[in-house]
**Student:** 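Pasting in a structure now, in structure tokens, and then I'll have a few things to ask.
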Amino acid sequence: MTSDKRVMNTTRRSFLRIGAVLSAMASVGKATAMSAVAPSSSAEVVVKDINPGKPFILTTWDFGPDANALAFKMLTEGRSSLDAVEAAINYVELLPDEYWVGYGGVPNEVGETTLDAMVLWGPTHDVGAVGCLKRVKKAISVARAVMEKTQHSLIVGDDATRFAARMGFEETSLTNITSQKRWEEWAKKGELSDAFNPEPFSEDALQGHDTVGSIALDAMGQLCVGCSTNGREFKIPGRVGDSPIAGAGAYGDQAVGGAVATGNGDVMMRFLPTYHAVELMRQGVLPENACKAAIKRITDRGYKFGGGMAAIRIDGEHGGAQSGWENEGFSYSIQTKDTATKFPVV
Ligand code: SD4
């Protein structure tokens, strides 16, 4: 028990140090297989499969290109993929008119906006996440604090808000005029949340998409994956979706690459589709086919759901797939040193 704790503490504190070592090595052109670079005071830290790569950032949906542009600049300045993913996602979380991510959108049944987010750091396979976070705008940054400052992986609800406050985040309303109006119009009808409808085996009328997912590789070869969302419109209070669940909303493996998901998280989280896709890529399946297979696993069970996935290998090979979203405009965008391209997934 004691020794487990020691390993965990060391691991969590060490990854930034590892990043600094990698950064220093990369800058002097000496970066090699990083298994050789375990910090001297922490032999337990398992750091492997890190090689300097060609930096990239992938972000889902229409805000992808702008989010990528600002985050990729950070990668070119030598910042970590963790910083880049956080910045890309913060950008979307703070967009005032983005209804599905961050403040000002997707209220629950009682008119409150709550957020789910997760970040996974490839070098140490460390995860931080928040579910049903209230009154704090930068959910991905709170997830990062869970990862960096604690041994926990997921903190939820009012306690996530209290944790954020302890970490110095500002508490503020997540409601704006749009979300307030949308909720009032819906509440006037006196309907139950569609979460009380039967499971979507014959159709998925569920509204809602745009969860932001980002996957980045930095110049040191370090992978980071993250996502953030408001979840599902008029959800039952307390509902947590797929986004903060590792392997559901997002997943990555330093030796392989990463995958992100968006869509009906209540269905998708039952199948861990991003974990599935990454494991298929590990076996040599192309990213596009890996996403297709992960989605097919769900539809083979009879679910009719709206959802999309994007995946990228550590070497930059990428692909996506969708279910029920032929006309929803799902896309992911990738920026590298040479290109900034949007890829529609139809
Ligand atoms: C959720 N997967 O909470 C999220 C919603 C979403 O695109 O991705 N919409 O279910």
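Each ligand, and each atom within it, is numbered from 1 in the order the structure gives. Starting from 1, each residue takes its place in the sequence as its number.
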**Student:** Check the angle between the aromatic planes of F343 and H318 and answer parallel, tilted or perpendicular using the 30° and 60° thresholds.
**Tutor:** tilted

**Student:** Does the side chain of W100 pick up a donor-acceptor pair with the side chain of T211 at under 3.5 Å?
**Tutor:** no

**Student:** So is D210 polar-close to ligand 1, meaning N/O to N/O under 3.5 Å?
**Tutor:** yes

**Student:** For atom 9 (N) of ligand 1, which candidate among T211, V260, T229 holds the nearest heavy atom?
**Tutor:** T211

**Student:** Indicate yes or no: does an N/O atom of D242 lie under 3.5 Å from an N/O atom of ligand 1?
**Tutor:** yes

**Student:** Between T229 and S243, is any side-chain donor less than 3.5 angstrom from a side-chain acceptor?
**Tutor:** no

**Student:** Identify, for atom 7 (O) of ligand 1, the protein heavy atom at the shortest distance, and state residue, atom and that distance.
**Tutor:** T262 OG1, 2.5 Å

**Student:** Flag yes if more than 12 heavy atoms outside F63 fall under 6.0 Å of its CZ atom; otherwise flag no.
**Tutor:** yes

**Student:** Only one of T339, I312, I314 passes side-chain contact (heavy atoms from CB on, under 4.5 Å) with F56; say which it is.
**Tutor:** I312

**Student:** Below the 3.5 angstrom mark, is there an N/O of A261, backbone or side chain, next to an N/O of ligand 1?
**Tutor:** no

**Student:** Going by heavy-atom distance to atom 3 (O) of ligand 1, choose the closest among R239, K235, R232.
**Tutor:** R239

**Student:** May I ask you to decide if G102's main-chain N or O and N230's side chain share a donor-acceptor pair within less than 3.5 Å?
**Tutor:** yes

**Student:** Would you mind running through ligand 1 and noting each atom that sits below 4.0 Å from a heavy atom of G231?
**Tutor:** 1 (C), 3 (O), 5 (C)

**Student:** Does G241, backbone or side chain, put an N or O under 3.5 Å from an N or O of ligand 1?
**Tutor:** no

